[in-house]
Amino acid sequence: MRLSRFPLSTSKETPADAAVVSHQLMLRGGFIRQLGSGLYSWMPIGVRVLRKIEAIVREEMNAAGAMEIITPTVQPAELWQESGRWAQMGDEMLRIKDRHKNEFCYGPTAEEVVTFHVRQDIRSYRQLPVNYYQIQTKFRDERRPRFGVMRSREFVMKDAYSFHMTEASLAAEYDNMRAAYARIFTRVGVDFRIVKADSGNIGGSRSEEFHILAQSGEDLLAVSDSGQYAANVEAAETRASGTPRAAASAVLEKVATPGQKTCEQVSKFMKVALDHKVKLLVVKAAKGGLVGIALRGDHQLNEIKAAKHPKIADPFQMASPDEVKAAFGCEVGYLGPVGCPIAVIADFAAAEVADFVCGANEDNHHLKGANWGRDAAEPETADLRMIVEGDPSPDGVGTIKLYRGIEGGHVFQLGKKYTKAMSLTVLDENQQPVTPEMGCYGIGVTRMAAAVIEQRNDANGILWPDAIAPFRVIVCPIGLDKADTAASVKAAAETLYGELLAAGVDAALDDRGLRPGEMFKDADLIGIPHRIIVGAKGLATQQFEYKRRDAAAAEMIAATTSAVLAKL
RNA sequence: CGGAGAGUAGCUCAGCUUGGUAGAGCACCUGCUUUGGGAGCAGGGGGUCGCAGGUUCGAUUCCUGUCUCUCCGACCA
């Protein structure tokens with residue numbers, strides 16, 4: 001591409017509205033332009049990146065045996081009513097009506113649509129397993145779009161859906177997709193981790209996320225420092241330590257703690273470590289009424305785990321201050337398990353504390369020297385808390401460290417949730433109808449572009465990996481203004497550029513006639529991995545100057561196309 | 001959805017407190033000069049000051065409403 005004919009639109013200024021580096025650089029480099037909240041247009045240079053990511057995804061999905069389809073972005077409400085998600089989805093789903101007042105949504109995902117088509121076309125066990133995928137625009141009406149295309153409302157996702165006669169077949173395809181995803185992320189050129197995930201409201205059993213590690217990531221990952229364990233903190237389990245609780249030694253004593261409501265306040269006021277404080281949260285119980293959750297003062301509730309506990313309401317909901325007052329006769333800040341009027345479930349760690357401090361279930365008072373079994377009923381225990389840095393790894397190998405990550409992909413074993421709800425059956429070898437198992441697999445294509453930048457940038461701009469750079473190499477002629485050298489520089493640059501194209505290299509020629517500084521700044525900002533300078537100085541000794549975007553210094557190479565190709 | 005902030009030129013912003021019909025830098029156009037890390041000089045084009053009301057002789061400025069965008073939080077395949 002000749003840059004003189006390419007609408008590059010770069011900016012020196014950092015846009016005021018962009019909070020994260022990928023958003024800033026994508027705007028400064030002219031990759032994307034904002035159209036509205038969570039709505040972005042992809043400009044020519046951005047599309048080049050997007051298409052390269054898509055090509056890698058498509059190649060690997062095809063190689064893994066998945067079949068590409070294209071489904072409409074607008075989907076009839078009936079399908080969502082069949083699966084039950086029309087009611088479930090809430091405002092995240094953009095609902096629209098056509099001229100006949102029929103209801104539709106702009107597709108946030110396509111489990112229903114693909115299940116519908118499989119129901120139309122697949123009749124026999126002989127046709128399974130099958131895996132359909134598409135690379136297509138999705139819309140989710142996020143409550144708060146942010147960070148440019150990292151969390152936009154409209155975005156491009158690769159979504160795949162597989163159907164199987166047996167759980168074993170599903171598991172095999174899940175592993176197949178997982179391996180394809182690992183190849184995709186590796187080829188794109190990012191540092192990623194595969195972590196255990198919660199499957200969220202999509203349902204299903206086994207689920208893992210592909211995270212691109214980055215400081216600005218919205219997800220926290222718990223990773224063992226010496227073992228294999230890696231999980232989203234949402235899904236990371238914690239265990240009982242195995243060491244028995246110390247015997248009760250302190251005398252139970254009520255202490256006035258006026259106005260001291262939070263664990264931090266009480267801990268400071270009573271000069272007791274946070275991990276010897278037990279807090280009691282009151283939440284809605286599964287069968288109506290309330291249930292208490294005891295946690296150590298330094299731990300936080302994991303609401304996803306709580307919602308899955310059989311005695312706790314799903315969806316998770318805290319009790320209102322009025323309900324607490326009615327049950328306990330005191331304010332929220334003074335609750336504790338001793339003399340507690342409702343059933344208590346203790347987190348493993350909370351149940352292991354002896355001689356603890358807790359609320360006295362009386363305004364402005366706490367208890368010290370409290371003990372399970374002696375003062376409070378021995379509680380039912382469960383894993384209810386968020387894992388924290390320094391916890392032993394749940395698999396017993398190593399200690400947990402926390403990292404931030406950007407979710408770039410997600411693979412699920414859905415089971416029969418959608419196939420059953422939508423009455424998809426195929427005939428087995430005994431001519432009996434069977435409800436197939438289903439898996440689904442997603443990659444955020446537009447998000448991936450942003451995530452790569454989060455991981456790969458410096459003070460001058462983006463450092464694209466070769467595989468997805470808008471151009472792999474840029475040729476910068478210098479000295480076109482000098483009468484005595486212009487002709488030779490121009491000829492050498494044109495020849496090199498032409499031969500690179502002929503060799504199948506995605507090259508750019510900066511023939512805009514700019515000053516060198518401007519060319520360099522632009523090339524660095526838009527992240528071209530390789531730069532060749534064709535100048536009179538070098539040509540005098542038959543040399544080009546070569547610089548990798550991520551190298552500190554340039555080097556001189558022979559002024560031949562083959563010498564350049566050897567560097568790419 | 002709760003909290004905070006912002007809408008003035010393509011971009012980044014000033015002006016508004018104390019009303020008198022608008023400015024800078026960057027970008028753009030023309031010319032000259034310059035050419036190894038976003039040059040210099042001279043000239044030029046470009047804005048119904050988000051929108052709608054109100055107050056006023058007069059509103060970018062004051063008041064009310066409204067829309068949009070951003071940030072923090074909650075939420076989230």
Whether [X] contacts [N] is assessed here as follows: a side-chain N or O lying under 4.0 Å from the phosphate OP1 or OP2. Is that the case?
X: A/Arg143; N: B/C1; value: no
X: A/Ser37; N: B/U70; value: yes
X: A/Arg144; N: B/C1; value: no

Base, sugar-phosphate, or nothing for [X], non-hydrogen atoms under 4.0 angstrom?
X: A/Asp481; answer: base
X: A/Ala459; answer: nothing
X: A/Glu303; answer: sugar-phosphate
X: A/Glu545; answer: base
X: A/Leu480; answer: nothing
X: A/Arg33; answer: nothing
X: A/Met519; answer: nothing
X: A/Ser9; answer: nothing
X: A/Asp522; answer: base

Can you sort out the partners of A/Phe139 under ring pair (Phe, Tyr, Trp, His ring centres under 6.0 Å), two or more places apart, ordered by chain and number?
A/Tyr106

Flag if over 12 foreign heavy atoms under 6.0 Å of CD, A/Glu68
yes

Just name whichever nucleotide pairs with B/U70, Watson-Crick or G-U, keeping both distances under 3.5 Å, else none.
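When the pairing criteria are applied, B/A4 turns out to be the nucleotide that pairs with B/U70.
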
Pair assignment for B/G46, Watson-Crick or G-U wobble, requiring both distances under 3.5 Å
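No nucleotide pairs with B/G46.
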
RNA chain B: 5'-proximal contact among A/Arg28 and A/Phe147 (nearest heavy atom):
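So the residue in question is A/Arg28.
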
By nearest heavy atom, map A/Arg515 and A/Gly38 onto RNA chain B; which one lands nearer the 5' end?
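Its nearest nucleotide lies further toward 5', so the answer is A/Arg515.
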
Should the side chain of A/Arg146 and the base of B/U70 be counted as holding a donor-acceptor pair, with the cut-off at 3.5 Å?
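Check fails, no donor-acceptor contact within cut-off.
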
Same-atom distance (C1') from B/G73 to B/U60, integer angstrom
34 Å

Taking A/Arg85 first and then A/Glu112, would you say they form a salt bridge - that is, a charged N and a carboxylate O separated by under 4.0 Å?
yes

Identify whether the distance between the nearest side-chain nitrogen and carboxylate oxygen of A/Glu103 and A/Arg95 falls below 4.0 Å.
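Salt bridge flag = no for A/Arg95 with A/Glu103.
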
Pairs touching residues 449-459 of chain A that satisfy salt bridge (Lys or Arg N to Asp or Glu O under 4.0 Å), sequence neighbours left out
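Listed by first then second residue: A/Asp458-A/Arg549.
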
Between A/Ser11 and A/Glu13, do the side chains contain a donor N or O and an acceptor N or O under 3.5 Å apart?
no

Under 3.5 Å, is there a donor-acceptor pair between the A/Glu173 and A/Asn131 side chains?
yes

Would you mind building the protein contact string for nucleotides 25-30 of chain B? One character per nucleotide, 5' to 3', B for base within reach (heavy atoms under 4.0 Å), S for sugar-phosphate only, - for untouched.
BS----

